[in-house]
Number of protein chains: 2
Amino acid sequence: MVKGDGSDSSVSWQSIRDTMMTRIRAQDYAPGELIPNEVDLAAEFGCARATVNRALRDLATSGFLDRRRKAGTRVREAPRRKATLSIPLTRAEVESSGARYDYRLLERAIETPPPLVRETLKLSGTERLLHVKSLHLADDVPHMFEDRWIVLETVPAIETVDLAKTSPNVWLVRHLPYTHGTMEFLAETAGARSRHLICADDDPVLTMLRVTWLDASPITFARQSFSPSHRMRLEL
Amino acid sequence: MVKGDGSDSSVSWQSIRDTMMTRIRAQDYAPGELIPNEVDLAAEFGCARATVNRALRDLATSGFLDRRRKAGTRVREAPRRKATLSIPLTRAEVESSGARYDYRLLERAIETPPPLVRETLKLSGTERLLHVKSLHLADDVPHMFEDRWIVLETVPAIETVDLAKTSPNVWLVRHLPYTHGTMEFLAETAGARSRHLICADDDPVLTMLRVTWLDASPITFARQSFSPSHRMRLEL
DNA sequence: GAAAATAATATGTCTGCACATAATAAGCGT
DNA sequence: ACGCTTATTATGTGCAGACATATTATTTTC
């Protein structure tokens, strides 16, 4: 076959991707403008169209290209980037820094949602929610305080789980992957949480709000506040 | 042909992906355990192996499966998730909320890096850096204060750019896409920034640190502090 | 029995080819 | 001109077959 030897006769989709990436960076293709179509590029690189397709598809999902049928492929003006945030699974985060992880269940109750939670999770207000407060520690030092609401209608199984042993997040990740969700970062003063995080009332703390859904059904709303000086790190 | 009519005889990779996703969620395949190989799945779904491959590859990049040659494909114990953060291009962020965006250059100077910057960007200390402080506004209200260092050795062209018109970030995104970088969120007190953000000295502000690289060359180190009450939102 | 050579296996990818689909462009009738 | 129908075109996807590559399993050799 023509491609058998692997060294030169065949072109890899990665090499095409890299070449195209170089051209985009060098502005050989102007931002916003059309690039040659797949057939032409395949001819240029001397490969099958499918190979070019793979390369361009990859650049599109990476956010450097915009592709539309018939309309063609064009260079994105402002590349969108994806951050691979190693899903703040607190345990892994703590242990990766060499510290010993510990978890304490503080409160557990079944309640109806207060207004903020009701709105966030788009509930009617009559649902039964599991309300859990917990503390996560690194080397016995408070690391994060979590206040979480879980919709029992969506996750009935969690009602019988012993949350003193397994943290809600760990259980949820393991048993009920979400389909989508949102995440918000904000800064606030520790306030009442200072008691758990062992800091001053007016210390600034980083708070992360997370809402997850299983299609149209709300799963959980979590408010996680980290001890002062903590940094949430993401890779780009 | 067998697949021509498009309605039933052919199976789409998306449908296979969805079916497999359902099985993973239902724990038909136990976490950590092997799933059938591509040939068997292709037989089950009545399609070509390439189609199964596409589906499984997608689930792997989404973080639900782990794939290794010869070793096979297994269900990840704790799915890794990716957040598509709409690259905090401040202008777009502000305008999407319906507000008018404005930008003001506060300071511009060429300096040698202080210790923190030198370490972060792994510099020797003798390099010339462009040091820029700027303020970004939404409807004339301070929205974000930025303190940025740009390595002129990596980005010589920016020295002649009129940064009163174009913000450094906009220029960089447009002219020099980075290959990788990191991002950190933290909470701190406004301190001296309170003057620009028009808030109290001890108000908690969300700060985002961003460092970007072009392969092994450092591009820029930015410290962006948002006005109190601002939330940084990411989609999962 | 341990190390080295060899086989087996699952995923990775490329090739041609065909048809599907979405969106634009062209043609046409009024 | 205007709106409608009908090409045309670029990307999207499927199939069968072949080879590539990374591991793991097995056998051979000392």
Side-chain angles (χ1 to χ4, degrees), chain A residues 1-21 23-24 29-30 32-76, chain B residues 1-21 23-24 29-30 32-76:
Chain A
M1 289 295 125
V2 198
K3 62 163 182 358
D5 48 284
S7 53
D8 54 311
S9 45
S10 183
V11 183
S12 75
W13 68 268
Q14 290 97 332
S15 73
I16 294 178
R17 179 198 56 196
D18 294 348
T19 301
M20 295 303 288
M21 189 65 225
R23 292 183 185 176
I24 292 169
Y29 302 126
E33 278 318 296
L34 283 173
I35 68 173
N37 69 38
E38 296 186 348
V39 175
D40 291 349
L41 286 172
E44 184 199 326
F45 289 111
C47 67
R49 183 170 76 90
T51 309
V52 172
N53 181 280
R54 183 91 153 80
L56 297 187
R57 199 152 33 78
D58 190 77
L59 286 171
T61 57
S62 302
F64 294 106
L65 294 177
D66 252 338
R67 319 195 74 201
R68 274 166 53 224
R69 284 179 180 168
K70 162 72 182 175
T73 302
R74 52 187 70 229
V75 180
R76 279 186 87 104
Chain B
M1 291 296 127
V2 198
K3 61 161 182 2
D5 48 282
S7 54
D8 53 313
S9 45
S10 185
V11 183
S12 75
W13 68 268
Q14 288 98 332
S15 73
I16 294 178
R17 179 198 55 196
D18 294 348
T19 301
M20 295 303 288
M21 189 66 225
R23 292 183 185 176
I24 292 169
Y29 301 126
E33 279 319 296
L34 282 173
I35 69 173
N37 69 39
E38 296 185 349
V39 175
D40 291 350
L41 286 171
E44 183 199 328
F45 289 111
C47 67
R49 184 170 77 88
T51 309
V52 172
N53 180 279
R54 183 93 149 78
L56 297 187
R57 197 153 33 80
D58 190 77
L59 286 172
T61 56
S62 302
F64 293 105
L65 295 176
D66 252 339
R67 319 195 74 202
R68 273 168 53 224
R69 285 179 179 168
K70 163 72 181 177
T73 301
R74 52 188 70 228
V75 180
R76 279 186 86 103

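Every chain is numbered from 1, with letters handed out A, B, ... down the list of sequences. The model shown is predicted, which means the values in this text are computed figures rather than measured ones.
C/dT9 atom P lies 15 Å from atom CG of B/Leu34, rounded to whole Å. B/Glu38 places its CD atom 16 Å from the P atom of D/dG17, with the value rounded to the nearest Å. Going from atom CD1 of A/Ile16 over to atom P of C/dT15 covers 8 Å, rounded to whole Å.
Among residue pairs with one or both ends in residues 39-49 of chain B, those qualifying as salt bridge (charged side-chain N to carboxylate O under 4.0 Å, His left out) are B/Arg23-B/Glu44, B/Glu38-B/Arg49; sequence neighbours excluded.
Less than 4.0 Å separates DNA chain D from at least one heavy atom of each of the following residues of residues 50-72 of chain B: B/Thr51, B/Arg54, B/Arg68, B/Arg69, B/Lys70.
Applying the 4.0 Å criterion to OP1 and OP2 of D/dT11, one finds that A/Thr73 has a side-chain N or O inside that range. Using a 4.0 Å cut-off, no side-chain N or O of A/Gln14 falls inside it from OP1 or OP2 of C/dG12.
Listed by chain and residue number, nothing satisfies the salt bridge (charged side-chain N to carboxylate O under 4.0 Å, His left out) test with A/Arg54 (two or more places apart in sequence, or in another chain). Looking at residues two or more places apart in sequence or on another chain, you find no salt bridge (charged side-chain N to carboxylate O under 4.0 Å, His left out) involving B/Glu33. The salt bridge (charged side-chain N to carboxylate O under 4.0 Å, His left out) search around B/Asp18 returns none, not counting sequence neighbours. Looking at residues two or more places apart in sequence or on another chain, you find no salt bridge (charged side-chain N to carboxylate O under 4.0 Å, His left out) involving A/Arg74.
Distance from the side chain of A/Arg49 is smallest for C/dA18 among the nucleotides C/dA18, C/dT15, C/dA10.
With values rounded to the nearest 0.5 angstrom, B/Phe64 atom CZ is found 10.0 Å from B/Asp58 atom CG.
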